[in-house]
2 protein chains.
Amino acid sequence: MPSGMTQSPEPTSPPATPTSTDVARLAGVSRATVSYVLNAQAAGRVSTRTQDRVRAAAEELGYVPHAAARTLRAGHSGLVLLTTPATPIPRIGALFGDFLMELQGALHQLGYTSVWHGPVAGAGEQAARAWAELRPAAVLALPGTGLTPSAVELLKRSGTRAVLTLGMQPVAGAHALLLDQEMLGARAGTHLLERGRRRIGVIMPTESGLDLFSVPRLAGVRAAATLETGTHVEPLTLDCTEESAAELAARWPRLGLDSLFAYNDEYAMLVMRAFQDAGLAIPGDLAIVGADDLLLARLLRPRLTSVHFDTIPTARIVGLVDRAIREPETAPETHQLTRVVVAARDSG
Amino acid sequence: MPSGMTQSPEPTSPPATPTSTDVARLAGVSRATVSYVLNAQAAGRVSTRTQDRVRAAAEELGYVPHAAARTLRAGHSGLVLLTTPATPIPRIGALFGDFLMELQGALHQLGYTSVWHGPVAGAGEQAARAWAELRPAAVLALPGTGLTPSAVELLKRSGTRAVLTLGMQPVAGAHALLLDQEMLGARAGTHLLERGRRRIGVIMPTESGLDLFSVPRLAGVRAAATLETGTHVEPLTLDCTEESAAELAARWPRLGLDSLFAYNDEYAMLVMRAFQDAGLAIPGDLAIVGADDLLLARLLRPRLTSVHFDTIPTARIVGLVDRAIREPETAPETHQLTRVVVAARDSG
DNA sequence: CCCGTCGCATGACACGTGTAACTATATGTG
DNA sequence: CACATATAGTTACACGTGTCATGCGACGGG
């Protein structure tokens, strides 16, 4: 007993974490009364004087209820789990980070404790096992989480009331919140075609995890191109380095392209710099379109045309989460979260 | 019972989440045996044949242990809690995000479940209460969390074995992992002074939460300036907008300064653009130094001089966390996490 | 005086798990 | 044969909480 106090008069002095039993003893009531009072179920059951005594005792002891015990008794926890992608992680843009923060705040206001689970070893069902141990009320799988139908099944069997995915395509059994990357690519393609460009290069980053986004974006550009005759779409892999960008710039004349969809604004900046250093004119020799519409886009010269998602409607999401938790039997729903708009500027 | 199946032959058919009791029944053994087997405590206690039977039964039922029950019984959870800043959040840079991801991975390998707790309503002791409910093994408070000594006290009283802060200054009772922002500012100042600059402007962003970083950085520049005679340091508040930057550029000639520490690379880009649009030469009319040393810095023209932290030593941190959990009685330690280096380029 | 009612508080159980203590059956050992 | 010893399990309890059913005293109506 490494207590700091030298003289402890009571022989039984465990400075352990106080439980509701300790509160009850100090207040001179039963544990049941404490529970009723502290959970605001005391109306008409406990006299106000007793309520005050209980609250004072809890305060004095610094009582904090034990979430595990409460969860065990209740059969469910108020936890909403956000999962981390198994792959090293697609770089989470500033917009997406803000969105997550807002989402968590809204969930908190509804009484849920939202928690972002760290990365786990396995994928699919094995990862789901780790999440299921916490018996969360809901699991919201972020894009890049390898959520399989069998993982959804496992989660539901262990009592998870709602499983939702935030991502590009639905997963069987789970509610789907869709981020339509294909539409984003389509808008970029349409924009370039409307400006008379016909041979579009599309940057495909090699960064692990980003293919989740880049592949459907490319598909979107292709889809847009089929609506116009005499078009060509060329995927161009690119490392996130100056060297790779310079190499692309050197190779550009031989490619016979007239425009570029650069995956996002940061990659757009990278290649734009390389092209300019190589003596190519923008938008004269080639048009460039980015994505995300960061402040960055307006700071470049020429100013960068960029396509981005409208702000994600947090309220609708937490509404769905709440409803899904309350009525777990409702059939999985699919929601398109975003509308895509192009901010046209000088680069193409 | 809103079950979809119409005919349920067994009268007692709770498709509820299976417990270890169910596994025991299916395997034809006692619950204790199941526990021993599934926790790898079966050596010399349970025959291999029985072990196989138990594991098969668990697999068949899709058994997932109940973390709450386990926590309750064990008296502690293997949770390591990362806290979210109460303030809207200092924009988490890409570097810091990568660091957190790496940290969580390393903790996972040591058997801890790391979890990033969402934002909570109150601050200080009230927030600590919310964290304490989960009875985490350790709490790692990220920069911007308003962790007070009394909050540390409360956490420890409710059984948290280790409380650590990642931030600018130590908190009484908690281990401190220091990110020396002041040194970062000092290096920036020294660099400019060495190049003959004497009148240094320092960008102070108005974004909420960033003052946590900007104030000590300013102090660092000031400290460096006192080592040289005839110097002047001028703080300059700036919104993260083009207008604010343009306004600063217009005002610049009247300020009588010859150099600028721009808080970080992104702000540096913002003001550099405004200065160039206003016809000022860099580094001729003024030198600019950024921070973080992003790829961005090498893409700007002139290339941006930037000061940044060496990579944060994840291994040392998880080592400390692990040790602090195992030996909670060890006195709080203070660790400087980072060394600061200047990447000198063309902007100043 | 008895019975129903109301206000206030309590006893007791269940949630699912880990583990110390114990039992029962075989295996040597003197 | 008696006795230690290993093997293969089981029984029983504790962790901290929420809540149903119950108890107890007082009050009012018949």
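Chain letters run A, B, ... following the sequence lines, proteins first and then strands; every chain starts at 1. Just so we're clear, the structure is a prediction, and the values are computed from it rather than from any experiment.
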Looking at [options], which one has an atom nearest to any side-chain atom of [X]?
| X | options | value |
| --- | --- | --- |
| B/Val46 | C/dG18, C/dC15, D/dG9 | D/dG9 |
| A/Leu72 | C/dT17, D/dT19, D/dG16 | D/dG16 |
| B/Thr19 | C/dA9, C/dT19, C/dT17 | C/dT17 |

Between B/Asp22 and B/Arg25, does any NZ, NE, NH1 or NH2 come within less than 4.0 Å of an OD or OE carboxylate oxygen? yes

A/Glu333/A/Arg323 salt bridge by N-O under 4.0 Å criterion: yes

Relative to the 5' end of DNA chain C, which residue comes earlier, A/Arg31 or A/Gln51, by the nucleotide with the nearest heavy atom? A/Gln51

Tell me, do B/Thr160 and B/Val152 make a side-chain contact under 4.5 Å, heavy atoms counted? no

It should be established whether [X] places a side-chain nitrogen or oxygen under 4.0 Å from OP1 or OP2 of nucleotide [N].
| X | N | result |
| --- | --- | --- |
| B/Ser47 | D/dG9 | yes |
| B/Tyr63 | C/dT17 | yes |
| A/Thr50 | C/dA9 | yes |
| A/Arg70 | D/dG18 | yes |
| B/Ser35 | C/dT19 | no |
| B/Ser30 | D/dT10 | yes |

Expressed in angstrom and rounded to an integer, what is the separation of [X] atom [atom1] from [N] atom [atom2]?
| X | N | atom1 | atom2 | value |
| --- | --- | --- | --- | --- |
| A/Leu38 | C/dA9 | CG | P | 15 Å |
| A/Tyr36 | C/dA9 | OH | C1' | 10 Å |
| B/Glu133 | D/dG16 | CD | C1' | 13 Å |
| B/Arg25 | D/dG9 | CZ | C1' | 18 Å |
| A/Asn39 | D/dG16 | CG | P | 17 Å |
| A/Leu134 | C/dT17 | CG | P | 14 Å |
| B/Arg45 | D/dT7 | CZ | C1' | 11 Å |
| B/Asp52 | D/dG9 | CG | P | 12 Å |

Separation between CG (A/Leu134) and OG (A/Ser77), nearest 0.5 Å, reads 7.5 Å

Nearest-0.5 Å distance, CG of residue A/Leu79 to OG1 of residue A/Thr71: 7.5 Å

Residue whose nearest DNA chain D nucleotide is more 5′ - B/Arg53 or A/Ala32: B/Arg53

